Amino acid sequence: MQTGMHTDTERCVRAVRSKDARFDGWFFTAVLTTGIYCRPSCPAVPPKPGNMTFHPSAAACQQAGFRACKRCRPDTSPGSPEWNVRADLTARAMRLIADGVVDREGVPGLAARLGYSTRQVERQLLAELGAGPLALARAQRAQTARLLIETTPLPMADIAFAAGFASIRTFNDTVREVYALSPSELRTRVPKARPADTTAVGTTAAGTLLLRLPFRAPLNPDNLFGHLAATAVPGVEEWREGAYRRTLRLPYGHGIVALTPNPDHIACRLTLGDPRDLTVAISRCRRLLDLDADPVAVDDQLRADPLLAPLVDKAPGRRVPRTVDEAEFAVRAVLGQQVSTAAARTHAARLVAAHGEPVDDPGGGLTHLFPSTGALAAVDPETLAMPRTRRTTFTTLVAHLADGSVNLGVECDWAETRARLLALPGFGPWTADVIAMRALGDPDAFLPTDLGIRRAAGELGLPSTPAALTARASAWRPWRAYAVQYLWATDSHPINFLPV
């Protein structure tokens with residue numbers, strides 16, 4: 001079991017006194033004299049150290065009887081970067097809870113996905129986070145409910161259902177307990193409320209929300225949005241009017257999201273077929289853009305290498321562009337083996353047009369969801385315009401994804417999954433590691449055989465052979481995936497030729 005920052009009282013007190021927003025989401029401050037809990041950057045006058053206790057999660061504060069501060073809205077903090085960095089049981093469980101698994105499948109479903117007993121999962125989460133899976137999911141439902149209450153005209157009964165509550169009574173009791181206000185009182189406060197980092201800034205057409213997604217500064221949007229735009233699959237993704245737009249396959253339906261970078265937040269325009277998908281959609285968009293990363297820790301580690309330091313200083317805060325659908329990314333990685341980015345997009349677009357599910361996008365250019373693994377498993381290999389060996393790689397991958405023998409979900413073990421991928425025909429280290437980096441979210445995935453990385457390394461004076469570069473990169477751990485982003489940025493053709 002790992003020890004969280006909340007156990008370091010002196011460090012937490014310093015963060016609260018300096019109102020350091022970098023630590024929002026790392027821990028929460030519960031104030032004994034007021035019975036409220038806050039984020040470290042709360043603008044209120046800091047309490048005396050003797051009146052502060054520190055907790056690892058909003059759910060732990062709520063379980064201890066504290067209610068959320070109405071001024072700093074601690075439940076809207078960026079997520080803890082730990083859950084996207086670590087691969088242990090707790091981190092995998094938190095990623096699943098954020099993806100709504102407890103609401104859809106219950107704690108037994110969560111435990112089954114993790115391969116542990118319900119008791120083991122509950123004991124581990126309670127020991128490290130001060131709250132079990134039900135309490136953590138309840139805190140997430142409360143946040144979703146507040147978001148819908150304050151930003152939509154939906155009736156309260158519809159909000160309760162969309163947020164995942166089993167009854168109106170449970171919805172009312174939870175909101176009142178967490179926020180010290182009834183749902184109706186929360187709604188009446190909206191015109192006077194001070195905008196928070198993640199509150200929606202408005203609504204448009206039915207089913208559409210305008211949200212603000214927070215992040216820890218700095219954030220360099222160039223590699224994020226540049227890469228997404230350059231590799232966009234026609235019909236599924238597009239760059240339009242300064243926003244990256246794409247379709248989403250969600251548990252209860254489909255959605256369309258538009259993401260626009262701003263200096264202090266990502267503007268998110270989200271259209272959902274079923275409002276129950278709101279929490280999952282937000283979680284997947286945050287994961288796509290790596291918004292819960294800790295860029296200060298990453299950059300400090302990489303800056304320690306004198307040859308990387310100028311790259312970091314020139315454009316700090318680079319993130320790893322990830323994905324909203326792990327299986328989709330794996331398929332696209334195979335389609336892109338040993339071809340140009342344009343050719344990979346063409347292959348993917350043909351699959352989308354032939355086997356994707358149509359969607360309606362008034363005023364936009366999105367036409368389909370990316371094909372499901374089941375649909376791709378039924379594709380006739382002879383219709384694929386690619387070499388026979390890559391057809392075999394493609395059909396083997398989608399068959400394993402469709403029957404579940406290869407799992408790329410947020411709960412998977414990174415090392416085990418990488419080994420399973422390497423055992424498939426046509427999968428070399430590059431393909432396995434790019435899937436580990438972009439789809440699985442491994443922050444330490446590295447691509448020493450990538451041609452762009454090797455060119456950049458040679459230009460910087462780093463070793464350019466894979467073995468020597470891997471040895472040098474050991475000092476960059478556990479952030480080698482971020483080093484890849486800095487190295488790619490030095491190359492004039494960062495995504496042009498994809499090895500196996």
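Position 1 is the first residue of the sequence; numbering continues from there. Every value quoted in this text rests on a predicted model; they were computed, and no experiment measured them.
- Of the charged side-chain nitrogens involved, none lies within less than 4.0 Å of a carboxylate oxygen, so that R92 and E416 do not count as a salt-bridged pair.
- Side chain of D299 to main chain of V312: no donor-acceptor pair is present (N/O by atom type, distance under 3.5 Å, no hydrogens or angles).
- The two atoms that bring E459 and T490 nearest to each other are OE1-O, 4.1 Å, heavy atoms only.
- Between D433 and R418, at least one side-chain nitrogen of the basic residue sits less than 4.0 Å from a carboxylate oxygen of the acidic one, meeting the salt-bridge criterion.
- For the residue pair W488/D450, the side-chain donor-acceptor check at 3.5 Å is satisfied.
- The 12-atom threshold is not exceeded at OH of Y116, counting heavy atoms of other residues, nucleotides or ligands nearer than 6.0 Å.
- Of all non-hydrogen atoms in V352 and H368, the two that sit nearest each other are CG1-CB, 3.5 Å.
- Checked for salt-bridge contact, R472 and D305 meet the test: a charged N lies under 4.0 Å from a carboxylate O.
- Electrostatic pairing of R284 and E326 does not count as a salt bridge here, judged by no charged N lying under 4.0 Å from a carboxylate O.
- Side-chain N/O atoms of S405 and D403 include a donor and acceptor closer than 3.5 Å.
- Heavy atoms only, all atoms of each residue included: Y482 and D290 are closest at OH-OD2, 2.6 Å.
- In this structure, R141 is positioned above the aromatic face of F165, its NZ or CZ under 6.0 Å from the six-membered ring centre and within 45° of the axis.
- Ion pairing of E328 with R322 is absent here, as no side-chain N (NZ or NE/NH1/NH2) approaches a carboxylate O to less than 4.0 Å.
- Salt bridge annotation for D292-R287: absent, with no cationic side-chain nitrogen under 4.0 angstrom from a carboxylate oxygen.
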Check residues 371-381 and write down every donor-acceptor pair under 3.5 Å in which the side-chain atom is one partner and the other belongs to a residue at least two apart or another chain.
from : atom 1 : to   : atom 2 : distance (Å)
S372 : OG     : A375 : N      : 3.1
D380 : OD1    : E382 : N      : 3.0

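- Here the closest non-hydrogen pair linking A93 and L110 is O-CD1, 4.1 Å.
- Annotation: R391, atom CZ; neighbour count of heavy atoms from other residues, nucleotides and ligands within 6.0 Å is above 12.
- Every salt bridge (charged side-chain N to carboxylate O under 4.0 Å, His left out) that R138 has, sequence neighbours left out, goes to E177.
- In this structure, L302 and L308 approach most closely via the heavy-atom pair O-CB, 3.5 Å.
- Between Y244 and F225, the gap from one ring centroid to the other reaches at least 6.0 Å.
- Distance check, rounded to the nearest 0.5 Å: CD of Q140 to CG of D99 gives 9.0 Å.
- Here R240 pairs with E238 under the salt bridge (charged side-chain N to carboxylate O under 4.0 Å, His left out) rule; sequence neighbours left out.
- The shortest non-hydrogen separation linking A456 to L487 is CB-O, 3.3 Å.
- If you check the side chains of R350 and H355, you find no donor sitting under 3.5 Å from an acceptor.
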